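Since the model is a prediction, treat every value here as computed from it, not as a measurement.
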Amino acid sequence: QVTELVLDNCRSSNGEIEGLNDSFKELQFLSMANVELTSLAKLPTLTKLRKLELSDNVISGGLEVLAERCPNLTYLNLSGNKIKDLGTVEALQNLKNLKSLDLFNCEITNLEDYRDSIFELLQQITYLDGFDQEDNEAPDSEDDDDEGDEDDDDDENEAGPPGEYEEEDDEDDGASDLGEGEEEEEVGLSYLMKEEIQDEEDDDDYVEGGDEEEEAEGVRGEKRKREPEDEGEEEED
C-alpha cells in the first residue's frame with residue numbers, strides 16, 4: 001500500500017537497493033538520491049510510479065530501462081550523475097508521459113545549445129532543469145505552500161503575535177490573583193489579630209488616661225506654686 005518511498009543516502013549493493021522489489025505495486029514517488037547507483041538494470045517494475053529522484057549517483061547510461069519498468073513517469077531527476085551526451089538521453093523518448101527532466105550538474109549541460117537540443121530531442125517534456133523553453137520556472141506546489149505560510153507569518157508579525165498577548169494576559173491574571181491572595185491574607189491576619197489590636201488599644205487608653213491625670217496633678221502643683229508667688233508679688237506691690 002506504500003505510495004511514497006524515500007531511500008536517500010542509503011547504499012546500493014551491485015546496483016540495487018535491498019528490499020526494493022516488484023511488491024511495491026502502488027508506489028507513485030521514489031527517491032534514491034546519493035545511494036551510489038551505477039545503473040538502473042535492477043530497478044523493479046513500478047507501473048504506477050510518477051516521480052523518480054535519482055540525483056547524485058553515478059549513472060552513465062542504461063536509461064531505456066525506465067520506459068520498460070516505469071512507463072508512467074512524469075518527473076525524472078538525474079542531476080549530479082555521469083550523463084555526458086545526447087545519445088544517452090535519447091532513450092527517454094519512450095517515456096511518453098514525461099513532463100519534467102532534471103540534468104543539472106551533469107556533463108551534458110556543458111554542450112553547446114544544450115537546452116534547445118534536449119527540447120528538440122524530447123518533445124514530450126515541458127520543463128528542463130526547472131524551466132520551460134521560455135525560461136518560465138516550473139510551478140512547485142510545495143514552494144507555493146511555503147510561500148503561503150510565510151505570508152501568514154508576516155501577517156501575524158504585522159498584527160502582533162496573539163501568543164504574546166495571551167501570555168501577557170496570563171501574567172496579568174496571575175498578578176491580579178496574587179494581589180487578591182495577598183489582600184485576603186492581610187485581611188485575614190488583621191481579622192485574626194483584632195482581639196490583640198483591641199487589647200493594645202485598651203492598654204494605650206489606660207496609659208493615656210494615667211498620663212492625663214499626671215498632667216492634671218502637675219498643673220495643680222504649678223498653680224499652687226504660682227499662687228504664693230503671685231501673692232508675694234502683690235504684697236510687694
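- Separation of atoms CG (Leu86) and OG (Ser117) is listed at 5.5 Å; rounding is to 0.5 Å.
- For the residue pair Cys106 and Gly80, the shortest heavy atom distance occurs at SG-N, 3.8 Å.
- Counting only residues at least two apart or on different chains, the side chain to side chain donor-acceptor pair (under 3.5 Å) pairs with a member in residues 24-49 are Asp8-Ser31, Asn9-Asn34, Arg11-Glu36, Glu26-Lys48.
- Counting heavy atoms from C-beta outward, Leu63 and Ile83 have side chains that approach closer than 4.5 Å.
- To the nearest 0.5 Å, atoms CZ (Arg115) and CG (Leu103) are separated by 10.5 Å.
- Counting heavy atoms from C-beta on, the side chains of Tyr114 and Ile108 come closer than 4.5 Å.
- Residues Leu40 and Val65 approach most closely at O-CG1, 3.4 Å, considering heavy atoms.
- Annotation: side-chain contact (heavy atoms from CB on, under 4.5 Å) contacts of Glu90 (sequence neighbours excluded): Gln93, Leu121.
- Residues Met32 and Leu43 meet the side-chain proximity criterion, which asks for heavy atoms closer than 4.5 Å.
- Between Asp102 atom CG and Ser55 atom OG the span is 8.0 Å, to the nearest 0.5 Å.
- Of all non-hydrogen atoms in Asn81 and Leu54, the two that sit nearest each other are ND2-O, 2.9 Å.
- In terms of hydrophobic clustering, with Ile, Leu, Val, Met, Phe, Trp and Tyr side chains grouped at heavy-atom distances under 4.5 Å, Leu111 and Leu92 are assigned to a common cluster.
- The structure places CD1 of Ile118 at 8.5 Å from CG of Asp129, a figure rounded to the nearest 0.5 Å.
- The one candidate from Glu53, Lys99, Arg50 that meets the side-chain contact (heavy atoms from CB on, under 4.5 Å) condition with Tyr75 is Glu53.
- Residues passing the side-chain contact (heavy atoms from CB on, under 4.5 Å) test with Asp85, sequence neighbours excluded: Thr88.
- Pairs engaging residues 58-69 under the side chain to side chain donor-acceptor pair (under 3.5 Å) rule: none recorded [sequence neighbours left out].
- If you chain together hydrophobic residues whose side chains sit under 4.5 Å apart, Val2 and Leu73 fall into the same group.
- Leu52 is not listed as a side-chain neighbour of Leu46, based on a closest heavy-atom distance of 4.5 Å or more.
- Across all non-hydrogen atoms, the minimal contact from Phe119 to Phe131 is CZ-O, 3.7 Å.
- With a 4.5 Å cut-off on side-chain heavy atoms, Leu95 and Ile125 do not count as touching.
- Contact between Asn57 and Ala33 at its shortest, heavy atoms only, is ND2-CA, 4.3 Å.
- Partners of Asn97 by side-chain contact (heavy atoms from CB on, under 4.5 Å), not counting sequence neighbours, listed by chain and number: Asn72, Thr74.
- Taking the side chain as every heavy atom from C-beta outward, Leu20 and Leu5 approach each other to under 4.5 Å.
- Considering only residues two or more places apart in sequence or on other chains, Asn136 meets the side chain to side chain donor-acceptor pair (under 3.5 Å) condition with Asp132.
- Between Phe29 and Val6, the shortest heavy-atom distance links the atoms CE2-CG2, 4.0 Å.
- Counting only heavy atoms from C-beta outward, the side chains of Phe24 and Leu30 never approach each other to under 4.5 Å.
- Between Leu78 and Val89 the shortest side-chain heavy-atom distance does not fall below 4.5 Å.
- Cluster annotation: Tyr127 is not connected to Leu98 through the hydrophobic network of ILVMFWY side chains, with a link wherever side-chain heavy atoms come within less than 4.5 Å.
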